[in-house]
Amino acid sequence: SQKIEQNSEALNIQEGKTATLTCNYTNYSPAYLQWYRQDPGRGPVFLLLIRENEKEKRKERLKVTFDTTLKQSLFHITASQPADSATYLCALRNTGGFKTIFGAGTRLFVKA
Amino acid sequence: DAGVIQSPRHEVTEMGQEVTLRCKPISGHDYLFWYRQTMMRGLELLIYFNNNVPIDDSGMPEDRFSAKMPNASFSTLKIQPSEPRDSAVYFCASSLRSSGLLAYEQYFGPGTRLTVT
């Protein structure tokens with residue numbers, strides 16, 4: 001069955017460092033991979049999308065890579081800030097429809 | 001824009017009761033999604049609509065769950081009868097398919113926290 005794996009353990013880093021989150025998937029060939037941010041008590045918020053034919057995408061302090069051979073995406077936050085503390089969800093979607101599969105998310109804590 | 005609006009924000013009910021969750025998507029959006037989030041199973045897609053028509057309801061767990069979208073600005077998710085294992089946060093999201101492009105972003109509402117005792 002289709003499966004998305006994200007680090008279940010929380011990631012703790014110091015302010016100013018680069019946070020790197022991992023998303024691995026199996027039994028799936030997504031056309032699009034997305035990253036969302038979720039704060040406690042709120043719905044997920046879209047951050048970035050990367051297509052299967054793209055290797056890397058950047059937006060301000062965010063960078064996403066997509067390796068379809070390894071079936072893995074890496075999500076980087078450079079110069080991290082305490083305000084970046086949240087849960088980050090990886091999501092996959094095919095071209096045929098809008099059914100999106102979400103990972104369980106990784107909790108990030110940035111210490112001042 | 002007010003964003004996606006969901007009501008109620010919290011619902012506590014007894015097992016066996018009917019529960020109705022409501023969603024108002026962002027004006028102009030043509031896709032609407034219902035998700036359920038639990039610690040054990042994460043965020044799961046239950047059903048989604050395009051132009052008020054249900055497209056994929058394969059995620060609806062049982063016949064006890066039903067969803068409707070009578071018009072472009074309103075959708076409901078109903079559970080009848082409710083059971084304790086239905087306790088979760090239910091999110092509604094909407095999206096817009098621009099001409100010639102696929103809709104990428106889903107805009108989520110604040111969610112409804114349902115507790116069935």
Side-chain angles (χ1 to χ4, degrees), chain A residues 1-10 21-26 28 30-54 57 59 62 64 66 73 86-107, chain B residues 2-7 9-10 21 23-26 29-51 53-60 69 88-98 101-114:
Chain A
S1 62
Q2 299 165 345
K3 192 174 181 181
I4 302 176
E5 291 184 347
Q6 295 187 252
N7 294 348
S8 57
E9 292 184 10
L21 285 67
T22 305
C23 173
N24 295 297
Y25 58 92
T26 56
Y28 203 78
Y32 307 97
L33 189 146
Q34 305 174 41
W35 284 89
Y36 285 77
R37 168 183 173 143
Q38 186 172 23
D39 291 285
R42 295 176 175 265
V45 175
F46 173 81
L47 295 175
L48 276 173
L49 174 141
I50 187 166
R51 296 176 179 82
E52 60 180 338
N53 60 352
E54 298 176 320
K57 184 72 72 75
K59 179 181 178 182
L62 308 180
V64 172
F66 193 10
S73 174
T87 296
Y88 291 86
L89 307 172
C90 168
L92 307 179
R93 183 161 75 82
N94 277 334
T95 53
F98 283 81
K99 184 168 185 174
T100 303
I101 301 174
F102 281 82
T106 298
R107 196 98 184 261
Chain B
V4 175
I5 299 173
Q6 291 187 247
S7 64
R9 292 295 311 277
H10 302 274
L21 311 181
C23 174
K24 176 179 169 57
I26 293 174
H29 281 193
D30 54 356
Y31 282 85
L32 184 138
F33 307 81
W34 281 101
Y35 290 88
R36 176 173 68 176
Q37 187 173 42
T38 61
M39 288 294 292
M40 290 297 295
R41 302 175 67 89
L43 194 61
E44 303 173 281
L45 176 65
L46 300 177
I47 184 171
Y48 76 89
F49 296 81
N50 175 222
N51 292 325
V53 176
I55 302 300
D56 187 338
D57 65 354
S58 60
M60 295 286 263
M69 192 165 185
V89 180
Y90 290 81
F91 287 103
C92 175
S94 70
S95 191
L96 173 65
R97 180 175 180 144
S98 302
L101 298 173
L102 295 175
Y104 301 134
E105 303 179 39
Q106 292 185 28
Y107 294 82
F108 283 77
T112 295
R113 181 173 294 277
L114 173 65

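The sequence lines fix the lettering, A, B, ..., with proteins before strands; numbering per chain opens at 1. Nothing here was measured: the structure is a model prediction, and the numbers come from that model.
- If you tally non-hydrogen atom pairs under 4.5 Å between each of B:L45, B:V89, B:L43 and chain A, the highest count goes to B:L43.
- A:Y36 is linked by a ring pair (Phe, Tyr, Trp, His ring centres under 6.0 Å) to A:F46, A:F102, B:F108, counting only residues two or more places apart in sequence or in another chain.
- Legend: residues meeting side chain to side chain contact (heavy atoms under 4.5 Å, CB included) with A:D39, ordered by chain and number and at least two apart, are A:R37, A:R42, A:A86.
- Heavy-atom neighbours of chain A within the stretch residues 53-60 of chain B, taken at a separation under 4.5 angstrom, comprise B:D56, B:S58.
- Partners of A:K3 according to the side chain to side chain contact (heavy atoms under 4.5 Å, CB included) rule, which considers only residues two or more places apart in sequence or in another chain, are A:E5, A:T26.
- A heavy-atom distance below 4.5 Å is found between the side chains of B:Y35 and A:T100.
- Of the two parts of B:Y107, neither the backbone nor the side chain holds a non-hydrogen atom closer than 4.5 Å to a non-hydrogen atom of chain A.
- Looking only at heavy-atom pairs under 4.5 Å with chain A, the residue among B:R113, B:Q37, B:Q6 that has the most is B:Q37.
- Interface remark: B:R41 contributes no atoms to any contact with chain A (heavy atom separation under 4.5 Å).
- Minimum heavy-atom separation, B:F91 to A:Q38: CZ-NE2, 3.5 Å.
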